[in-house]
Enquirer: 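The structure is given below, and queries will be raised subsequently.
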Amino acid sequence: MDKTFKPAELETRWYDEWEAKGYFAPQGGTEAYSIMIPPPNVTGSLHMGHGFQEAIMDALIRYHRMRGYNTLWQVGTDHAGIATQMVVERQLAAQGISRHDLGREKFIEKVWEWKEESGGTITRQLRRLGSSLDWSRERFTMDEGLSAAVQEVFIRLYREGLIYRGQRLVNWDPALHTAISDLEVISEEEQGHLWHFNYPLVGGEGHLTVATTRPETMLGDAAVAVHPDDERYAHLIGRFVQLPLCNREIPVIADDYVDREFGTGCVKITPAHDFNDYEVGRRHGLPMINIFTDDAAINDAAPAAYQGLDRMEARQKVVADLDALGLLDKVEDHRLKVPRGDRSNVVIEPYLTDQWYVDAKELAKPAIKAVEDGDIKFVPKQWENTYFAWMRDIQDWCISRQLWWGHRIPAWYDDDGKFYVGEDEATVRRDNALADNITLRQDEDVLDTWFSSALWTFSTLGWPEETDELAMFHPSSVLVTGFDIIFFWVARMIMMTLHFRKEVPFHTVYVHGLVRDAEGQKMSKSKGNVIDPIDLIDGITLDALLEKRTVGLMQPQLASKIQTATRRQFPDGIAAYGTDALRFTYFSLASTGRDIKFDIGRIEGYRNFCNKIWNAARYVLMNCEHEDCGIEESADVELSLADRWIIGKVQDTAAKVEHAISNYRLDMASSALYEFIWNEYCDWYLELSKPILWDEDAAENAKRGTRQTLISVMETWLRLLHPMMPFITEEIWQTVGPLAGKSGPTIMLQSYPQSDSNAIDASDNEDIEWLKKVIIGIRNIRGEMNIAPGKELSVLLRKGNAEDRRRLSQNSQYLRKLAKLADISWLEENTEAPMAATALAGELEILVPMAGLIDKDAEIVRLGREISKLETDLSRLRGKLENAAFVDKAPAAVVSKEQEKLKAQQQALETLQDQLQRIQNI
RNA sequence: AGGACUAUAGCUCAGUUGGUUAGAGCGCUACCUUGACAUGGUAGAGGUCCCCAGUUCGAAUCUGGGUAGUCCUACCA
């Protein structure tokens, strides 16, 4: 084995082998465990959030697979309607072509080409992460099977009256020319203005002043509203005002939607261009005057002077014209929330169109109940509130999109605009007895991407067929996802699955945090702070990283700023840390209810951990390979104290890991393993094994026992660690496994260690703790007194009880070796102790004679520090115990524990004070 | 406007039902290339657990009120 761990080569080697041998496929068994991957965008690439999420899922999957569940991790990708179409359109635009130049059919061909070309990126990256996905069942949301499921769901919902077509105000994206759902609109506060206009009253005297942030919409005004109880305007209700620029008269109406306190208390009502006004308009039977084209330019419903102007040009002209007429009262600065499309980033317009809707209210009812009843649990639980809040006030879901890439809506129109829903044109004709001479044309629109993702848990398993996979793996065990798509995806999956399967899609929703950069900023291309997980695995030079972060920016002027920041943060680029280190970093940060600030220092630490593991294996193999490790049942072995202790410790660790994973606390599982492997197994046990293995006088069965323990405990923790660090554990296990008597082609399919508390012996633990205390006491003196590490010491022991004597007699070998002692012996009663530095282990006094080694003043300082620590501690303890209320009311066990502590500390203090005095008196 | 989350060492974070001397990693200081490992070892320094009040014998932990930050939802023209 190499001296340092080199992940690159063995990772791909093992992944290829696992995949080729089919280990990722379900292995059979009666109890199922399944996870459906949140399908990434087929043309996308992996980001840190994916990396985090996949790592969590893979650990859960590997853990359950090893525990003998029939385990399926369903893989697949999403067609991501708008996102993908935009990419292809942008490519075409670079060649000066629009999708309309190509026509629908040709354009869709292009998209499929692009999918074939780029679709492998993300799946390749998923493999690099070690994800044990069942590639043999890979699905795509526009597969034949999934498309059939989409169609089935649409038609059935339509027939049940849960999908309908209607004319409503929608969020219209004037750049993409499509409706989008409320969730796809991002509203953020921006600086704007509030314009105050005077609308003259019809019949002469005076005017009403209205305020607006969007002056151009006045061209579509249908009324002015005041509050019904507003005395200022009560007498005007029912009269008319002259709508300037338009030569129309519009009524003054009363509606309690109006806030009397805001502005003038008069609101212009534009029913076709504002969601609130739309409702007011409906209540009052006002005309819906649409003044926009699809591009949000002014259409011919407006006065000729404005027709054809873009909305922003129209805004300026309206303001200028009103000003010219003396009707502009004033302009104020005003902060307002501006709605923008999450993809296009252009300002969204409320726009009156015909669209398809899902009656979400109806579907939400059982979906709410499922969570209320605990059929679905959120981890952490607080997300249930978020879910309820949204579901209880859910709005109908606009599912049609005016795009070409997606599932086309299975509806056909005749020339009268009458529509028919069905599988295909022929079926529609037949079912509706439509003559051949009636022309039918299919709805041009496609469905929202999330419509097909909502069916993901069951459509991937073959629904609407009742397949064996559905029976076995549905409902899935857990959904691992970010909170950002609880509404987009999680809620809709719950609704659709309950409706069509009458069962939940998953039993648990594990919601993880967002991965942010070191400053806590969201990672985004435009911020130039994106880290590609693959670059953490393979490493990347500074130049390549700079290139990656600045190429293809939407706003190229940001490039130099990004370069500066990148150079500052990664002056030498990024080192190659390997997949296992990256995964372990994710786990260590996966605590609940908290976003992750990605700190490069963490991954470095876990890279070192990999190296530690590697070298521990080298040590173990060096001592065990080609040696008798006592793997036969009948082997004559004697286990040392250290052997028995570490065997217990690994069981203890197994219990901790099991508990942590069952609570989705992968951070706790990872830290339990880290601490055990590094601080117990490597730091102590490997050291404790040396006195036996290297002692020529040691009995053969004792050596055999230690070898057996070395190898079997390592083999056990390799399996414990495998779900988190699949590669390094597999590589080492290949050699270690057989030496421990295990057979099988891969660690992946070995059984997961089940903790056995019988293996834990309390008195062995105490003995080792005692040993550690004595060794640390001596090392402390050594370190503080600057005694050369190689210098062998002669140490005396004093006081102490029978247990101390027993422990010394049984463990002096360990002490000599680990504390580098020439000699350790008891100071006989009545013998004068030499001048010495002192350490304490309970009652036991450990004396390191000073002769020539120790500086008197330094020891005085050291003792002084120890003493003052004890004194602070003691005064706190005394205060507590002198408090009658504490002694009376606290549980007896707590009180006696404090009393014992007090006693021990007092004794320690006295000892040290004596010692200090003696030294001072020299 | 409503709601959620966060605040612990210089940095990134643990701390499960209130009882620890408040922990880890990184960083820092000193010493050390000892036959697994300098991507290492040994020892050490470093904390007003955001602030204020309350409950309690006892609060980092529970309650209330602040402060700061992050986010979600709904929005006033």
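Each chain gets a letter, A, B and so on, in the order its sequence line appears, and its residues count up from 1. Every value quoted in this text rests on a predicted model; they were computed, and no experiment measured them.
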Enquirer: What's A/Ser671 touching, base or sugar-phosphate or nothing? Going by heavy atoms closer than 4.0 Å.
Expert: nothing
Enquirer: Look at the aromatic rings of A/His512 and A/Phe52 and report parallel, tilted or perpendicular, splitting at 30° and 60°.
Expert: perpendicular
Enquirer: Just checking A/Arg862: base, sugar-phosphate only, or nothing, at a heavy-atom cut-off of under 4.0 Å?
Expert: nothing
Enquirer: Can you pull every protein N or O that's under 3.5 Å from an N or O on nucleotides 15-19 of chain B?
Expert:
unit_1	atom_1	unit_2	atom_2	d
B/G15	OP1	A/Arg665	NH1	3.1
B/G15	OP1	A/Arg665	NH2	2.8

Enquirer: Using the C1' atoms only, state how far B/A4 lies from B/A43, rounded to an integer number of Å.
Expert: 45 Å
Enquirer: Atom CD of A/Glu188 to atom C1' of B/U70: distance rounded to whole Å?
Expert: 13 Å
Enquirer: If I pick the C1' atom on B/A38 and the same atom on B/A45, what distance separates them, to the nearest angstrom?
Expert: 22 Å
Enquirer: Has the side chain of A/Lys3 got a donor or acceptor atom sitting under 3.5 Å from an opposite partner on the base of B/C37?
Expert: no
Enquirer: Please determine whether a side-chain nitrogen or oxygen atom of A/Asn608 lies at a distance below 4.0 Å from atom OP1 or OP2 of B/G40.
Expert: yes
Enquirer: Contact class for A/Arg214 (heavy atom, under 4.0 Å): base, sugar-phosphate, or nothing?
Expert: nothing
Enquirer: Taking the same atom, P, in B/U21 and in B/A59, what whole-Å distance lies between them?
Expert: 14 Å
Enquirer: For A/Phe487, answer base if it contacts any base atom (sugar-phosphate contacts may also be present), sugar-phosphate if it contacts only those atoms, and nothing otherwise; contact means non-hydrogen atoms under 4.0 Å.
Expert: sugar-phosphate
Enquirer: Just checking A/Phe609: base, sugar-phosphate only, or nothing, at a heavy-atom cut-off of under 4.0 Å?
Expert: nothing
Enquirer: Mind checking if A/Ala616 touches a base, just sugar-phosphate, or nothing, with heavy atoms under 4.0 Å?
Expert: base
Enquirer: Are any of A/Lys612's side-chain N or O atoms less than 4.0 Å away from OP1 or OP2 of B/G41?
Expert: yes
Enquirer: Check every strand shown and say whether A/Trp390 touches a base, only sugar-phosphate, or nothing at a heavy-atom separation below 4.0 Å.
Expert: nothing
Enquirer: Pick base, sugar-phosphate or nothing for A/Glu687, based on heavy-atom distances below 4.0 Å to the nucleic acid.
Expert: base
Enquirer: Check this for me: does any side-chain nitrogen of one of A/Arg214 and A/Glu349 sit under 4.0 Å from a carboxylate oxygen of the other?
Expert: yes
Enquirer: Calculate the interatomic distance between A/Ile269 atom CD1 and B/C76 atom P; express it in whole Å.
Expert: 11 Å
Enquirer: Using a 6.0 Å distance limit plus a 45 degree cone around the ring axis, check whether A/Lys330 lies over the aromatic ring of A/Phe197.
Expert: no
Enquirer: Look at atom NZ of A/Lys773 and say whether more than 12 heavy atoms of other residues, nucleotides or ligands are closer to it than 6.0 Å.
Expert: no
Enquirer: Just to be sure I understand the rule, does A/Arg602 reach a base, reach only the sugar-phosphate, or reach nothing, if contact means heavy atoms closer than 4.0 Å?
Expert: base
Enquirer: Which part of the nucleic acid, if any, lies within reach of A/Trp195 when heavy atoms closer than 4.0 Å are counted: base, sugar-phosphate only, or nothing?
Expert: nothing
Enquirer: Tell me whether the NZ or CZ atom of A/Arg392 lies within the 45° cone about the ring axis of A/Phe388 and under 6.0 Å from its centre.
Expert: yes
Enquirer: To the nearest Å, give me how far apart CZ (A/Arg516) and P (B/U70) are.
Expert: 10 Å
Enquirer: Would you measure the distance from the C1' atom in B/A53 across to the matching atom in B/U67 and give it in whole Å?
Expert: 15 Å
Enquirer: Can you tell me which stems RNA chain B forms when a stem means 3 or more consecutive Watson-Crick or G-U pairs under 3.5 Å?
Expert: B:1-7 with B:67-73, B:10-13 with B:23-26, B:28-32 with B:40-44, B:50-54 with B:62-66
Enquirer: Using a cut-off of less than 4.0 Å, is there contact between a side-chain N or O of A/Lys597 and OP1 or OP2 of B/U12?
Expert: yes
Enquirer: Under 4.0 Å, counting only non-hydrogen atoms across every strand here, what does A/Asp259 touch: a base, just sugar-phosphate, or nothing?
Expert: base
Enquirer: Select base, sugar-phosphate, or nothing to describe what A/Leu686 touches, counting heavy atoms under 4.0 Å on all strands.
Expert: base
Enquirer: For the residue pair A/His207 and A/Val241, establish whether any side-chain heavy-atom pair is separated by less than 4.5 Å.
Expert: no
Enquirer: So what does A/Cys266 touch, heavy atoms closer than 4.0 Å: a base, only the sugar-phosphate, or nothing?
Expert: nothing
Enquirer: Touch check for A/His196, heavy atoms < 4.0 angstrom, all strands: base, sugar-phosphate only, or nothing?
Expert: nothing
